[in-house]
Enquirer: 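Encoded as C-alpha cells, here's the structure I'll be asking about.
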Amino acid sequence: MILGILRESGTENRVAMLPGEVSGLNKLGIDVLVEFHAGERAFAADDAYIEAGASMAERKDIILKAEMLLSVNPLVAEDLNSFRQGQVLCSVLNPTENSRWLDAVREKGLSLLALDLVPRTTRAQSMDILSSMATVAGYRAVLEAAVRLPRFFPMFMSAAGTIKPARVLILGAGVAGLQALAVARKLGAVVEVFDVRSAVREEVKSLGGKFVEVEGAKEDAAAGGYAVEQSDEFRKKQQELIQQRAIAADVVISTAQIPGKKAPLLIKGETVGLMKPGSVIVDLAAPSGGNCELTENNRNIIVNRINILGKTDYPSEMSTDASKMFGTNVINLLKILVDKNGNLNLDMEDDIIKGTMAVHMNEYVGQRVKQMLNIN
Ligand code: NAD
C-alpha cells in the first residue's frame with residue numbers, strides 16, 4: 001500500500017506521523033509519501049522523513065497516488081474533488097461537527113477511518129488517539145494554570161514563613177482529568193476530584209486525590225464506560241456542591257464531557273463571581289460548549305479577576321510529543337489494516353475496523369457514528 005501523509009492546514013502544529021514512526025511503516029511493507037514541509041511545525045524536517053525511508057511529494061501527487069491518506073484533522077473540502085472512489089481517508093473526524101463533509105465523502109465512494117471512533121476496548125487501547133491527546137491536554141492544563149496562578153503549587157516552609165499548598169479542583173476524572181490530577185499532585189497541590197462515574201473513585205484515591213461525590217448520579221453500563229446525561233435534580237445538587245468547592249479552590253480544571261453531546265454545565269457564572277481573585281479555570285471542555293458558563297472557546301479571558309482559559313489546543317502546542325503519540329497509535333491501527341505484504345486488507349468483521357470506519361462503499365458503517373448522526 002502507498003500511504004500519504006498530508007500537511008495540516010490552519011493553526012494546527014501537529015503532523016500525523018513523525019519520521020521515527022515512519023521507519024516502522026517500512027517494516028510493515030507500506031510505502032510512504034509525505035507532503036513537503038508536513039512536519040515543519042512539529043520540528044521534523046523533510047530530510048528526516050527521507051532518511052526514515054519516505055519520499056517527499058506535492059499534495060496533488062500524493063492524492064493521485066496514495067491508497068490511504070493520513071492527516072490529524074479532517075482534510076479540507078477543496079481536496080474532495082481530487083479524490084477517487086475507493087481511496088481511504090484516515091483522520092480524527094468529530095462526526096457531529098463535520099456531518100456534511102462526511103456525507104460528501106460517503107457520496108463520493110471514499111472510505112473514512114475516524115480515529116476518534118476507535119472503540120474503547122482493551123485490544124484497541126494502543127490505537128486510542130483520544131486517550132493520547134487527553135493525556136497531553138491534562139498535563140498541559142496544569143502547567144498553564146500554574147504559570148498564571150499568583151501563588152505556589154507546593155507547600156513551602158522557609159525563613160519567610162509557611163506557604164500553604166494550592167488547592168486544585170478537577171471536574172471529570174477521565175483520561176485528561178486523571179493526568180491533571182497526577183501532575184498537580186507532583187507539583188505539590190491538594191487536589192479534589194468530581195465525577196459522575198463512581199468507578200473512578202479508587203483511581204482518584206490511588207493518585208492522591210480526594211474524590212468528591214454527589215449522590216444519585218445516573219450511570220449506564222451500556223454507555224461503554226462513558227458518562228451519561230444527568231437529571232435536572234442531580235445537576236442542581238452538583239452545581240451547588242461544585243460552587244462550594246470552587247470557592248475554596250485556586251485552580252479548577254474541568255474536563256467533563258459526554259460523547260456526541262454538549263458538555264455539561266458545571267460552573268455557573270455566579271460561581272465564578274464568588275471565586276478568589278487570581279484563581280484560574282482551565283476549561284478543557286471548551287470545544288464542546290464548556291463546563292463553565294463564561295468560557296469562550298478558543299479564547300483566554302479574565303472575568304472578575306478570574307482567568308478562564310478556553311484556548312485549549314494543547315496537543316497542537318505540544319506538537320512534537322503529541323505527533324509522536326498520534327503516529328504510534330496510527331501504526332498500531334495500520335497493523336490490523338494491512339496483510340503481511342503491506343497490502344490494504346479491510347476486514348469489516350473486525351470490531352475495531354468496523355467501529356472506526358465511519359463510511360465505506362457509500363454507506364455509514366460504525367455504530368457510534370450512526371448514533372452520533374441519528375442514523376438508524
Ligand atoms: P470523556 O472525555 O468523555 O469525559 C471526561 C470525564 O468527564 C469522564 O470521566 C466522565 O465520566 C466525566 N463527566 C461527564 N459528565 C460529568 C458530569 N456531569 N459531572 C462530572 N463529571 C462528568 O472521558 P474519557 O477520558 O474519554 O474516558 C471515558 C471512559 O473511557 C473512561 O471510563 C475511561 O477509563 C475509558 N477509556 C477506556 C479506554 C480503553 O479501554 N481503550 C481508553 C480510554 C478511556
Side-chain angles (χ1 to χ4, degrees), residues 92 94 96 115-139 141 169-182 192-204 206-207 209 211-243 245-246 252-268 271 282-293 312 314-315 325 328-329 332-333 336 351-352 355-356 368 371-372:
V92 170
N94 208 338
T96 34
L115 296 170
D116 42 343
L117 295 181
V118 168
R120 253 67 205 275
T121 57
T122 307
R123 190 174 147 244
Q125 220 158 2
S126 64
M127 311 166 195
D128 192 344
I129 273 156
L130 287 185
S131 285
S132 302
M133 298 306 117
T135 301
V136 177
Y139 164 84
L169 174 65
I170 295 176
L171 306 176
V175 181
L178 291 174
Q179 182 63 31
L181 163 60
E192 289 187 329
V193 184
F194 264 100
D195 203 300
V196 284
R197 292 181 302 119
S198 53
V200 290
R201 188 191 294 114
E202 291 312 313
E203 269 178 283
V204 167
S206 70
L207 287 168
F211 190 65
V212 187
E213 211 164 351
V214 183
E215 279 185 9
K218 202 163 42 166
E219 300 194 43
D220 184 355
Y226 284 110
V228 291
E229 278 184 311
Q230 301 296 318
S231 66
D232 287 346
E233 191 196 344
F234 177 87
R235 276 207 290 260
K236 197 162 163 284
K237 264 203 298 190
Q238 194 189 25
Q239 276 170 357
E240 282 166 9
L241 192 53
I242 286 175
Q243 174 158 322
R245 307 317 308 151
V252 179
I253 294 175
S254 68
T255 75
Q257 307 212 49
I258 299 161
K261 302 242 157 64
K262 196 173 174 302
L265 175 60
L266 304 178
I267 311 165
K268 297 190 81 172
T271 303
V282 187
D283 196 344
L284 289 182
S288 50
N291 294 140
C292 172
E293 196 171 19
T312 54
Y314 299 141
M325 293 169 95
T328 304
N329 290 145
N332 289 326
L333 177 64
I336 63 164
D351 63 319
I352 299 178
T356 308
R368 275 190 59 222
Q371 266 168 12
M372 285 177 171

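All ligand and atom numbering here is 1-based and tracks the order in the structure. Residues: numbered from 1 along the sequence shown.
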Enquirer: Please indicate whether any nitrogen or oxygen in Arg120 is less than 3.5 Å from any nitrogen or oxygen in ligand 1.
Expert: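 Yes; at least one N/O pair falls below 3.5 Å.
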Enquirer: Please state which part of Gln238 comes within less than 4.0 Å of ligand 1, counting heavy atoms only: side chain, backbone, both or neither.
Expert: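 Gln238 to ligand 1: side-chain contact only, backbone stays beyond 4.0 Å.
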Enquirer: A side-chain contact here means heavy atoms from C-beta on lying under 4.5 Å apart; do Leu130 and Arg120 qualify?
Expert: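 Leu130 reaches Arg120 side chain to side chain.
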Enquirer: With heavy atoms under 4.0 Å as the rule, classify the contact between Pro119 and ligand 1 as side chain, backbone, both or neither.
Expert: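 No part of Pro119 comes within reach of ligand 1.
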Enquirer: Does Asn329 reach the side chain of Leu115, with side-chain heavy atoms less than 4.5 Å apart?
Expert: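 The answer is no; the side chains never approach within 4.5 Å.
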Enquirer: Between Ala256 and ligand 1, which part of the residue brings a heavy atom under 4.0 Å of the ligand: side chain, backbone, both or neither?
Expert: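 Both backbone and side chain.
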Enquirer: Should the pair Lys237-Glu233 be classified as a salt bridge under the 4.0 Å nitrogen-to-oxygen rule?
Expert: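 Not counted as a salt bridge, because no side-chain N and carboxylate O are separated by less than 4.0 Å.
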Enquirer: Check each heavy atom of Val196 against ligand 1 and say whether those closer than 4.0 Å belong to the side chain, the backbone, both or neither.
Expert: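 Both backbone and side chain.
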Enquirer: Is the closest N or O pair between Leu266 and ligand 1 shorter than 3.5 Å?
Expert: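 Min N/O separation from ligand 1 is not below 3.5 Å for Leu266.
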Enquirer: Under the criterion side-chain contact (heavy atoms from CB on, under 4.5 Å), which of Thr328, Thr356, Val118 is the partner of Met127?
Expert: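 It is Val118; the other options fail the test.
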Enquirer: Quick check: are there more than 12 heavy atoms from other residues, nucleotides or ligands sitting under 6.0 Å from OH of Tyr139?
Expert: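 Not buried by this count: 12 neighbours or fewer within 6.0 Å.
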Enquirer: Can you sort out which atoms of ligand 1 are near Val175, meaning under 4.0 Å from one of its heavy atoms?
Expert: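 Those qualifying, in numeric order: 25 (O), 43 (C), 44 (C).
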Enquirer: Heavy atom of Thr121 under 4.0 Å from ligand 1?
Expert: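 Flag set, Thr121 near ligand 1.
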